[in-house]
Amino acid sequence: MTEQSPALDNLLSETRTFPPDGEFAAQANAGAGMYAEAQSDREGFWAEQAEKLDWESRWDQVVDWSNAPFARWFVGGRLNVAFNCVDRHVAAGFGDQVAIHWVGEPGDTREITYAQLQEEVCRAANGLASLGVVAGDRVAIQLQMIPEAIVAMLACARIGALHSVVFGGFSPTALRARVDDAEAKVVITSDGQYRRGKAAAMKAQVDEALVGAESVQRVLVVRRTGAETPEEVPWTESRDIWWHELMATQPAEHEAEAFDSEHPLFILYTSGTTGKPKGILHTSGGYLTQAAYTHRVVFDHKPGQDVYWCTADIGWVTGHSYIVYGPLANRATQVVYEGTPNTPHEGRHWEIVQNYKVSIYYTAPTLIRTFMKWGSDIPAKYDLSSLRVLGSVGEPINPEAWMWYREHIGGGRAPIVDTWWQTETGAIMISPLPGVTHTKPGSAQAPLPGISAKVVDDNGAEVPAGGGGYLVLDKPWPAMLRGIWGDDERYRETYWSRFADQGFYFAGDGAKYDSDGDIWLLGRVDDVMNVSGHRISTTEVESALVSHPAVAEAAVVGASDATTGQGIVAFVILRGSSTDAGEQTVQDLRNHVAGEIGPIAKPRQIMVVSELPKTRSGKIMRRLLRDVAENRDVGDVTTLADASVMDQIASGLKSGS
Ligand code: 6R9
């Protein structure tokens, strides 16, 4: 295993457990028997989950793993994903049920029923088709959390086009790289977005990204802020079209065609260990089966009774699986909130929970720690008694935050589900089951029924209880990625080469079993940082830094951060003889990274140094830089080519920043 910080040692001595409440257990969707059932007949178990969807024709084979690592699930089956998320609920008589309680940042709201959602998705599907989008085409979507984002995704799914959602906070450069890689034919965006009470231009940024983008034929623009000036909303007559104008001309009916179970559904880019993001490819039947199954059992969701709220953004996989596909397939009534949690005040989330009687709330540890910082007196002002299940995702949750969440948000009563999964896994893999599991603060605990995961050592042998190593997934699962867009070799290399002999999927996370055999996730073991639950590669930020004319060399590490999990700390060597980091240079560099990647990648701290610690083979020793960034004594320096470098860095820092 890699080095372990003192904080993790603390975490692993956690011994508190919380047994399920009897009343909750009696009504729970999950039962203890599911583990054994799935164990004895894995394929039968998944077939049972898939049967809860509506298939135009049934599969002939549950899983085909003969061409591993390329899986096929529910082989030969045909279905339409959007039909399953919308139309079948209307057909079953639930057209009047609210699908989305939408809350805009400035305070405007919309209620969208399943019948209305159906109409909007049909219009959008017709609209996209009228622009020449056909099954298999790629549509890039850069939108904030407005209903049109969900409608656009479902419209793509309905006509068999792949969406590639790009987080609204990503820079024009980042958007362009994704548009080019997927050769997107259409881009969907908005005039502008509200952020902390202010309207920021969006269309202008998208236009900047698309200069010379050859694949893009049309840009569809949702009106949100009402920005009008040509600077805010530049317009190319032959290419651009307003969303509302297009929809107004489209019929509200659309016949949903069924697609093969393995028809591609979407691409979602995520950071890898190199500078180039990976386009993770997901397909239809298996993905929807696992998204719906996990949403049902992990959140104990009851259609028509629960009000569900996942605070993620659709730009991340959590928004795909637990705002769009899982909840809608299960006929959820959900809250979708456009804005930031402290606009206009720090009680905004709790006010929304109170107003809509939210019963299931799913968020990230970074936000929980932020709420802690704001103070427990804030949630105490609201009635949170409707909450009955709380979820966490994105990074390990420290026991202190877990306990605070339980006490101050869950009233000491609502079970907490700490859900481990990845963009690549498509849906939740490791999590307690509410009503079944005795929960433990800080542990994701056990693979879900139907899922198999192990902690193994360097040789791929499972470690004993109490031992640590790497998390692997040793059996294929329905929502698994089907590859990296356009790069089969990178897919094999990234996930399947580390334990090729055993045929394990390597997740890139360190993990440990406790003495009960429960799993504790320990963070990434590669050069991927986790900042507020977002994956950012050190290489990506390093490339952005060295693309600035003032920078000669850069090394980036993720240093532990009390609020964001990890914070980005950069060490840079400036060009020429300058080691004098003016405040202005540092500021320029931070802004440059924000411009290249997006504000989420802005380094928390930039240290100007004259040398970087390197091994004799020229590999930067990030471990030592992490020691410096976390104010620890620098560890073993014997493999350094020049052992005095660390002294130089340390003394430079004392006099410098
Ligand atoms: C869903 C999502 C995946 C990486 C993953 C791991 C970390 C996610 C976690 C967790 C500990 C949890 N991660 N959930 N670590 N406990 N409950 O976040 O996908 O953005 O692809 O990130 O996030 O390191 O490998 P993605």
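What you see is a predicted model; the values in this text were computed from it and never measured. Order of appearance sets the numbers: ligands from 1, and atoms from 1 within every ligand. We're numbering straight along the sequence, starting at 1.
Heavy atoms of G394 approach ligand 1 to within less than 4.0 angstrom. Contact annotation: W316 has no heavy atom less than 4.0 Å from any atom of ligand 1. Residue contacts with ligand 1 include P396, since one of its heavy atoms falls under 4.0 Å from the ligand.
A cation-pi contact, defined as under 6.0 Å to the ring centre and within 45° of the axis, links R406 to F18. Because its NZ or CZ atom is both nearer than 6.0 Å to the ring centre of F170 and within 45° of the ring axis, R178 counts as a cation-pi partner of that residue. For the pair R348 and Y337, the cation-pi criterion (under 6.0 Å, within 45° of the ring axis) is not fulfilled.
Among the atoms of T270, none of the N or O lies under 3.5 angstrom from an N or O of ligand 1. The N/O atoms of S392, backbone and side chain alike, include none that comes under 3.5 Å of an N/O atom in ligand 1. Considering backbone and side-chain N/O of R524, one or more are found under 3.5 Å from N/O of ligand 1.
Counting heavy atoms under 4.0 Å from ligand 1, residue L521 touches it through the side chain alone. At a heavy-atom cutoff of 4.0 Å, ligand 1 is contacted by the side chain of T318 but not by its backbone.
Ranking protein heavy atoms by distance to atom 24 (O) of ligand 1, first place goes to D509 OD2, 2.8 Å. Looking from atom 22 (O) of ligand 1 to the surrounding protein, the closest heavy atom is R535 CD, 3.1 Å. The nearest protein atom to atom 1 (C) of ligand 1, hydrogens excluded, is given as W421 CE2, 3.4 Å; this is a heavy-atom distance.
A donor-acceptor pair under 3.5 Å is formed between the side chain of Y405 and the backbone N or O of G391. Although no hydrogens or angles enter the test, the distance criterion places a donor-acceptor pair under 3.5 Å between the side chain of D526 and the main chain of V528.
No side-chain donor from either of Q142 and T189 sits under 3.5 Å from a side-chain acceptor of the other.
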>> Under the criterion side-chain hydrogen bond (donor to acceptor under 3.5 Å, both in side chains), I'd like the reasoning laid out for Y322 against T294: C-alpha separation, chi angles, the key distance, then a yes or no.
In response: CA-CA 9 Å; Y322 298 105; T294 50; 2.6 Å; yes
